[in-house]
Every structure is written in structure tokens, then in C-alpha cells.
Amino acid sequence: MDRQRRAVVKGLAATSFTALTACGGSSTSNTETGISTNDAGVVAGDNANVPQVAFNHGVASGDPLSDRVVLWTRVTPTATLPRDVESVPVRVTIARDRDMTDKVGQLSVTTSPENDFCVKVDVAGLKANTWYYYQFSVGNQSSPVGRTRTFPEASVSSERARFAVVSCSNYAYGLFSVYKAVSEHSDLDFILHLGDYIYEYGAGEYGDFPGREPLPAHEIIGLSDYRQRHAQYKSDENLQAVHQQFPMICIWDDHESANDSYVDGAENHDEATEGAWTDRRASAVRAYYEWLPIREGNTETRHLWRRFQFGNLIDLFMLDTRLEGRNAQVSSAADPARFDAERRIMSAQQLEWLTDGLSTSVAHWRMIGQQVMFAELNILRVLDAARTLGMEDVSAFNGQLLSLNMDQWDGYVADRERVLQALAEGVGNTVIFTGDIHTSWANEVYADSANLVENALASPLATEFVTPSVTSPGFPEEIADLAAAAVRLANPHMKYVELKSPGFILVDVTRERTQSEFYYVRSISSADSLGDIDPAKTKVVGIESGGRGIYEDYPASEPRAVRTALLNPPVRQVVS
């Protein structure tokens with residue numbers, strides 16, 4: 001059943017705008033509507049009974065295609081208890097300018113407690129490769145203005161794209177300084193969020209930054225818990241600023257449900273005390289679809305994997321290596337079960353979709369957005385290298401590595417081999433973006449990472465860039481630098497490793513190269529330095545088109561001030 005009642009599109013007939021689609025926070029179907037004209041900010045037939053509301057959680061957009069984009073907000077009834085309001089009529093207005101005077105179209109929808117008062121519309125009929133502004137209203141009460149864009153058509157030659165990659169934003173661990181820094185790069189095309197958008201833990205369990213205690217205070221398990229946690233995160237003004245300025249393409253990792261989750265359970269779930277995993281998983285998935293600007297597939301089968309094309313420059317494949325087909329993790333790198341041909345990190349259907357898509361793509365760059373590190377990490381060699389470099393006690397280091405490694409593709413060797421085989425069959429210019437591990441890596445991916453002689457003579461099959469966290473902690477300060485040196489010494493295909501600093505990757509893509517610029521904030525604990533970048537830590541790496549490996553320390557890319565920022569300035573104004 002659809003979770004929002006549909007109303008009629010309100011548009012301007014003189015434009016090329018042709019259709020709007022509305023969907024509820026957890027719906028499994030969409031319906032196209034026709035066009036008519038009405039004034040913005042007035043919901044036809046409902047204005048006399050419009051409740052007083054607030055837009056406490058900002059606005060957001062996501063999943064941009066060449067002709068459509070998903071728009072999102074959440075309305076909070078203020079005159080009565082939210083659950084006492086049966087439904088709220090909401091108007092969405094789309095325009096070409098930030099003052100919302102050059103209108104493109106309007107749409108009326110309703111929201112209700114059934115979808116936690118979230119509003120999500122899939123706006124179709126838009127012009128390709130175009131920036132738009134949008135605003136939600138309930139009667140004469142309006143949200144902030146958001147900015148979004150459509151992608152160039154897949155058949156069109158595109159010369160450049162710029163986007164930020166983020167992951168692992170634990171509200172209880174510190175301030176969202178990284179999000180503020182990202183929001184100030186006003187010329188980005190989109191944001192790639194690779195998971196751990198929220199964390200499930202209770203107060204004091206994983207972070208205790210003053211004033212940022214998690215809500216609810218206990219570990220989240222039921223639907224109301226997950227909704228409240230999403231609401232708390234969306235109340236952060238720096239996360240709101242990122243969503244307000246750029247469309248986001250996102251995937252979940254484990255903490256959107258529970259730590260180290262897989263299709264049938266999670267490390268942080270005890271059915272004896274926390275109920276059936278299937279119930280908890282369903283609640284986590286439903287809240288995620290309600291609160292994120294993501295296009296809705298079949299939520300019953302958790303079909304999160306999907307594809308985006310940015311002109312003929314980028315083919316982007318977004319994977320779900322968590323809830324869709326993953327088997328339980330093995331406990332040790334010494335466990336031979338990790339080589340079992342039947343062990344899966346995703347379903348056979350998703351893997352076939354990925355390998356077929358990579359093989360048939362005609363884009364200049366093939367890119368993969370996914371959760372856990374793909375490149376092989378040899379733990380035993382790293383521990384030997386750490387001892388050689390003078391680390392007296394490797395037990396803490398070993399624990400850090402093991403807790404990460406078997407949750408990664410290293411624990412699912414057969415599926416990685418299937419992807420490597422597809423890449424080896426002539427698929428070039430492939431770049432993998434990864435989150436999850438709160439640290440920064442630039443890896444060359446080979447068929448056999450241990451074969452140093454052969455790899456020295458060959459180009460890598462792919463390149464992987466792992467983004468640092470927004471707030472979640474990396475390695476302890478006292479061992480981080482030595483541990484990074486040991487990783488590089490033992491794994492020559494890992495060209496850059498930084499294990500302690502929060503930050504993000506700014507990716508600048510041309511037909512000549514994909515460049516990843518690692519930026520780190522000065523602090524996630526000081527409000528006085530919120531959003532400040534530490535230039536001494538900035539690292540530039542990249543891969544040239546058809547190139548033989550990762551390059552380092554080239555000049556940072558120049559912003560597109562004229563093409564994007566000047567024409568589409570930041571929209572972080574406060575709306576009363």
C-alpha cells in the first residue's frame with residue numbers, strides 16, 4: 001500500500017517540466033501525476049485546516065538522474081502532539097533561482113504519522129545537467145530553500161565532475177566539523193555517503209561527547225527508536241547544510257541497523273534479549289527509507305543497489321554488501337571457510353548485475369561505491385613489519401586489524417575473485433570508493449597483491465580510495481603512525497595510509513584523471529574551529545586514465561567558481 005495520498009501537480013505550462021512523482025516515506029510504488037497551476041505555498045482545499053508546523057530537520061535531495069531527483073523534508077506539527085495530527089498537506093515548489101521566483105513546477109502531497117511525517121517526492125520531467133532550487137510549505141509556513149541538480153544524459157560528453165565522499169558520522173563522538181567543511185565547497189556536483197550515517201549504540205557505549213548524548217538513550221531496536229535517532233542526526237545544522245546544498249547518493253553500512261550486520265543477524269544483536277533480527281532489520285530499513293532522500297526500490301527485499309550515470313564520464317555502481325546477501329563473518333583470518341566458494345558478501349543476482357554492468361559500460365570511468373575495503377590486506381606481514389619497525393606490543397594493533405579484516409572482502413575471497421575476473425577481462429579505468437573503517441587508504445588492486453614482481457610490470461585492475469570518518473575514531477594516537485608505516489611496508493599496493501584523522505575525500509574527475517584529495521579537519525571537539533581544514537595534512541593522490549598506478553602529491557584541483565558556484569551560490573540562509 002502506498003504510504004502517502006497523491007494530489008495533483010501544480011506546474012507552469014510554459015516550461016519543459018512535464019511530470020512529478022510523489023512517494024511516501026516507506027512506499028513501494030510510485031504514481032505519475034498531471035500538470036495544473038496554483039500559487040506556491042497554498043495547498044488547494046486544505047488551507048483552512050493546516051496545522052502549525054516546523055521544519056526542524058532541514059531539506060534534502062538525492063539519487064539524481066538526468067531527468068529527475070528525489071526531494072525530502074520532515075514536518076513537525078507544533079500546535080498539538082505530533083501523533084494527534086491525522087495528516088498534513090504539504091506543497092513542494094521547484095524553481096530555477098534561489099529566490100523561488102522562476103518557478104518550474106509545484107506538487108501537493110500529504111504526510112502523516114504512518115511515515116513519521118517525512119515527505120519524499122521523486123520529481124520527474126526535469127532538464128538534464130541543470131541546477132534547481134526547491135522549497136516545501138504547509139499553508140504559509142515554509143522550509144529553507146534547498147539546491148539540487150540533475151545529471152547529464154548518459155549519451156552526452158561530459159568533461160568534469162566534482163564530489164565529496166564521506167562516511168561514519170557518529171553523533172555521540174564529536175561535532176560534525178567535517179560536514180561543515182564539505183558544505184563550504186560550493187561547487188560540488190553531489191555527495192557520496194558510504195554508510196554509517198547513524199549509529200545504533202546507547203548513551204556512553206560508543207562516544208560521550210558533552211551535549212551530544214544519543215536519543216533515545218538506549219540502543220535502538222524498534223521502529224520508533226530508529227526514527228528518533230535519525231531525527232536527532234538530522235537536527236545537526238552542519239549535516240543539514242550538506243543536504244541543503246547538494247544531492248546525496250547514499251548507501252547503508254552496518255550501524256544503520258547494528259554493528260557487523262549481515263542478512264541473518266549482526267554482531268550487536270542478541271535475539272534472546274532484543275527480539276527477532278528480522279523485526280529489527282525491517283525497522284531499520286523502513287526508517288532509513290523514510291529519513292533519507294533515496295529512491296525507493298522494493299524495501300521488502302532491501303534492494304539498495306543501483307546505478308547512476310554522469311554523462312559519458314562516470315558510471316557509478318552503488319553496492320549493498322550488508323543486508324542483501326552477506327553470510328556471517330568468519331572469526332579469524334586463519335579460518336579456511338573464508339575461501340569457501342559458496343560464501344557470499346552479496347547475492348548472486350547483485351554480483352551478476354555488477355559484473356555485467358562493469359563489462360558493458362561505455363563510460364570513461366567505472367566507479368563503485370561500497371561499504372568495506374576491497375583490497376587485500378595481509379595481516380601477518382603487517383604484524384611482522386610492525387615488530388621490525390619497533391612496536392613492542394602488537395596485541396592492540398592485532399586486535400584493531402582483526403576486528404576490521406574479516407568483515408571486509410578479505411573474509412569473502414570467492415566473491416572478490418569473481419569481481420577481479422570481470423575486471424581482468426578488459427575493464428579499465430575502474431575506481432572503488434569505500435567507507436567503514438574510519439581511516440584513509442589509497443590502494444592499487446591486483447589479481448594477486450602478493451606477487452610483487454608481476455605487479456611491478458602490470459597496471460592495477462582497479463584503484464580503491466577509502467574515505468576517513470566524519471567523527472568515528474581511528475587507531476589510537478600512540479600507534480597510528482607506526483601502524484600506517486607497517487601496513488605500507490607489508491603491503492606495497494597500499495600507497496597511502498592514514499589511520500587517525502577525521503575528514504573527507506574531494507574527488508575531481510576529468511577525462512584525463514580521477515584525483516582524490518584527502519582533507520582533514522583540525523578538530524571535532526572545538527566549536528571555534530568548526531569546519532577548519534588542516535592544510536598540513538592534506539594529501540593528493542589519483543589515477544591517470546589508462547595509467548599504471550596511483551600518483552601522489554600533484555597540485556590540488558581548482559574549484560569551478562564560474563561554472564557552478566557563481567551561478568548557484570550557497571543557500572544556508574535561515575528561514576523563520
Item to complete: Could you tell me whether a side-chain N or O of Ser523 sits under 3.5 Å from a main-chain N or O of Ser526, the two making a donor and an acceptor?
Response: yes
Worksheet item: From Arg68 CZ over to Leu126 CG, what is the distance, rounded to the nearest 0.5 angstrom?
Response: 8.5 Å
Discussion item. Using a strict threshold of under 4.0 Å (side-chain N to carboxylate O), is an ion pair present between Glu290 and Arg227?
Written reply: yes
Item to complete: For residues Leu223 and Asp116, determine if any side-chain heavy atom of one lies less than 4.5 Å from a side-chain heavy atom of the other.
Response: no
Worksheet item: Given side chains that start at C-beta, do those of His243 and Ser61 come closer than 4.5 Å, heavy atoms only?
Response: no
Worksheet entry | Shortest non-hydrogen contact between Ser516 and Val507, atoms and distance | OG-CG2, 4.0 Å
Discussion item. With a 3.5 Å distance limit and no angle check, can you tell me whether Asp410 reaches the backbone of Leu377 through a side-chain donor-acceptor pair?
Written reply: yes
Fill in: Lys/Arg N to Asp/Glu carboxylate O, Glu477 vs Lys500, below 4.0 Å
yes
Worksheet item: Between Gln245 and Val242, is there a donor-acceptor pair closer than 3.5 Å when you use the side chain of the first and the backbone of the second?
Response: no
Worksheet item: If every non-hydrogen atom of Gly531 is compared with every non-hydrogen atom of Glu184, which pair is closest and at what distance?
Response: O-OE1, 4.2 Å
Practice prompt. Verify, without hydrogens or angle tests, whether Asn170 (side chain) and Tyr206 (backbone) share a donor-acceptor contact under 3.5 angstrom.
Written response: yes
Worksheet item: Do Asp315 and Trp365 get their side chains close enough for a donor-acceptor pair, meaning under 3.5 Å?
Response: no
Discussion item. Given 3.5 Å as the limit, does a donor-acceptor pair link the side chain of Asp320 with the main chain of Leu323, or not?
Written reply: yes
Worksheet item: Okay, side chain of Ser261, backbone of Ser257: is any donor-acceptor separation there less than 3.5 Å?
Response: no
Fill in: Heavy-atom donor-acceptor pair, Gln52 side chain to Ala79 backbone, under 3.5 Å
no
Practice prompt. Report the C-alpha separation of Asn268 and Glu200 in whole Å, then their side-chain angles, then the decisive distance to 0.1 Å, and conclude whether the side-chain hydrogen bond (donor to acceptor under 3.5 Å, both in side chains) test is met.
Written response: CA-CA 9 Å; Asn268 190 29; Glu200 82 275 21; 2.8 Å; yes
Worksheet item: Can you say whether the rings of Tyr520 and Phe518 are parallel (under 30°), tilted (30 to 60°) or perpendicular (over 60°)?
Response: parallel
Worksheet item: Step by step, would you call Asn129 with Arg149 a side-chain hydrogen bond (donor to acceptor under 3.5 Å, both in side chains)?
Response: CA-CA 7 Å; Asn129 198 27; Arg149 67 160 301 165; 2.3 Å; yes
Item to complete: Give the minimum heavy-atom separation between Val85 and Pro51, together with the two atoms involved.
Response: CG1-CG, 4.4 Å
Discussion item. Closer than 4.0 angstrom, basic N to acidic O: yes or no for Asp189 and Arg560?
Written reply: yes
Fill in: Mutual orientation of the aromatic rings belonging to Phe433 and Phe163 [parallel < 30°, tilted 30-60°, perpendicular > 60°]
perpendicular
Discussion item. Can you tell me which residue among Tyr201, Tyr197, Tyr233 is in a ring-ring contact (aromatic ring centres under 6.0 Å, His included) with His255?
Written reply: Tyr201
Fill in: Side-chain heavy atoms of Val166 within contact of Leu192, under 4.5 Å
no
Discussion item. Restricting to non-hydrogen atoms, name the atom on Gly474 and the atom on Thr439 that form the minimum distance, rounded to 0.1 Å.
Written reply: CA-CG2, 4.2 Å
Worksheet item: Have Thr111 and Asn115 got a donor and an acceptor in their side chains that come within less than 3.5 Å?
Response: yes
Discussion item. Using modelled atom types and a 3.5 Å cut-off, is there a donor and acceptor pairing between side-chain atoms of Glu256 and backbone atoms of Asp253?
Written reply: yes
Worksheet item: Could you state the interatomic distance from CG (Asp436) to OG (Ser167), rounded to the nearest 0.5 Å?
Response: 6.5 Å
Practice prompt. May I ask you to establish whether Arg147 and Trp131 are in a cation-pi arrangement, using a distance under 6.0 Å from NZ or CZ to the six-membered ring centre and at most 45° from the ring axis?
Written response: yes
Worksheet item: Taking atom types as modelled and ignoring hydrogens, do the side chains of Thr434 and Gln371 form a donor-acceptor contact shorter than 3.5 angstrom?
Response: no
Practice prompt. Determine, step by step, whether Val285 and Tyr226 satisfy the side chain to side chain contact (heavy atoms under 4.5 Å, CB included) criterion, reporting the C-alpha distance in whole Å, the side-chain angles of both residues, the deciding distance to 0.1 Å, and the verdict.
Written response: CA-CA 9 Å; Val285 168; Tyr226 282 100; over 6 Å; no
Practice prompt. Run the ring-centre check on His438 versus Tyr173 and record whether the distance is less than 6.0 Å.
Written response: no
Worksheet item: Going by heavy atoms in the side chains, are Asn443 and Phe465 under 4.5 Å from each other?
Response: no
Practice prompt. Give the minimum heavy-atom separation between Tyr199 and Cys168, together with the two atoms involved.
Written response: OH-CB, 3.4 Å
Worksheet item: Could you state the interatomic distance from CE (Met373) to CG (Asp407), rounded to the nearest 0.5 Å?
Response: 11.5 Å
Worksheet item: Could you go step by step and tell me if His193 and Phe504 meet the ring pair (Phe, Tyr, Trp, His ring centres under 6.0 Å) rule?
Response: CA-CA 10 Å; His193 200 300; Phe504 66 98; over 10 Å; no
Item to complete: Kindly indicate whether the side chain of Pro64, heavy atoms from C-beta on, has any atom under 4.5 Å from the side chain of Thr150.
Response: no
Fill in: Residues that Asp508 engages under side chain to side chain donor-acceptor pair (under 3.5 Å), provided they are two or more places apart
Arg160, Arg162, Arg513
Item to complete: Taking all non-hydrogen atoms of both residues into account, name the closest pair between Val521 and Ala181 and its distance.
Response: CG1-CB, 4.2 Å
Item to complete: May I ask you to decide if Arg322's main-chain N or O and Trp252's side chain share a donor-acceptor pair within less than 3.5 Å?
Response: no
Worksheet entry | Ionic contact status for Glu274 with Arg280, cut-off 4.0 Å | yes
Worksheet item: Checking side-chain hydrogen bond (donor to acceptor under 3.5 Å, both in side chains) for the pair Arg74/Thr76: CA distance, chi angles, key distance, verdict?
Response: CA-CA 7 Å; Arg74 200 257 189 176; Thr76 303; 3.0 Å; yes
Fill in: Reported CH2-to-CZ distance for the pair Trp441 and Arg488, which is rounded to 0.5 angstrom
10.0 Å
Discussion item. Quick check: do Thr538 and Ile533 have side-chain heavy atoms less than 4.5 Å from each other?
Written reply: yes
Item to complete: Kindly indicate whether the side chain of Trp409, heavy atoms from C-beta on, has any atom under 4.5 Å from the side chain of Ile345.
Response: yes
Worksheet item: Is a side-chain N or O of Tyr134 found less than 3.5 angstrom from the main chain of Ala60, in a donor-acceptor match?
Response: yes
Less than 3.5 Å apart, which donor and acceptor atoms pair up between the side chains of residues 207-218 and the rest of the protein, not counting sequence neighbours?
{"unit_1": "Arg212", "atom_1": "NE", "unit_2": "Tyr171", "atom_2": "O", "d": "2.8"}
{"unit_1": "Arg212", "atom_1": "NE", "unit_2": "Gly174", "atom_2": "O", "d": "2.8"}
{"unit_1": "Arg212", "atom_1": "NH1", "unit_2": "Asp236", "atom_2": "OD2", "d": "3.1"}
{"unit_1": "Arg212", "atom_1": "NH2", "unit_2": "Gly174", "atom_2": "O", "d": "3.4"}
{"unit_1": "Arg212", "atom_1": "NH2", "unit_2": "Asp236", "atom_2": "OD2", "d": "3.3"}
{"unit_1": "Glu213", "atom_1": "OE2", "unit_2": "Gly211", "atom_2": "N", "d": "3.3"}
{"unit_1": "His218", "atom_1": "NE2", "unit_2": "Asp225", "atom_2": "OD1", "d": "3.2"}
{"unit_1": "His218", "atom_1": "NE2", "unit_2": "Asp225", "atom_2": "OD2", "d": "3.4"}

Worksheet item: Does Ser440 reach the side chain of Lys539, with side-chain heavy atoms less than 4.5 Å apart?
Response: no
Item to complete: Look at the rings of Tyr519 and His185 and say which category their plane angle falls in: under 30° parallel, 30 to 60° tilted, over 60° perpendicular.
Response: tilted
Worksheet item: Does NZ or CZ of Lys234 come closer than 6.0 Å to the centre of the six-membered ring of Trp72, within 45° of the ring's axis?
Response: yes
Practice prompt. Using a strict cut-off of less than 4.0 Å between a Lys/Arg side-chain nitrogen and an Asp/Glu carboxylate oxygen, indicate whether Asp532 and Lys180 qualify as a salt bridge.
Written response: no
Worksheet item: What do you reckon, is CD of Glu558 surrounded by more than 12 foreign heavy atoms closer than 6.0 Å?
Response: no
Item to complete: Mind running side-chain hydrogen bond (donor to acceptor under 3.5 Å, both in side chains) on Glu267 and Tyr262 for me, showing each step along the way?
Response: CA-CA 9 Å; Glu267 178 276 333; Tyr262 50 97; over 6 Å; no
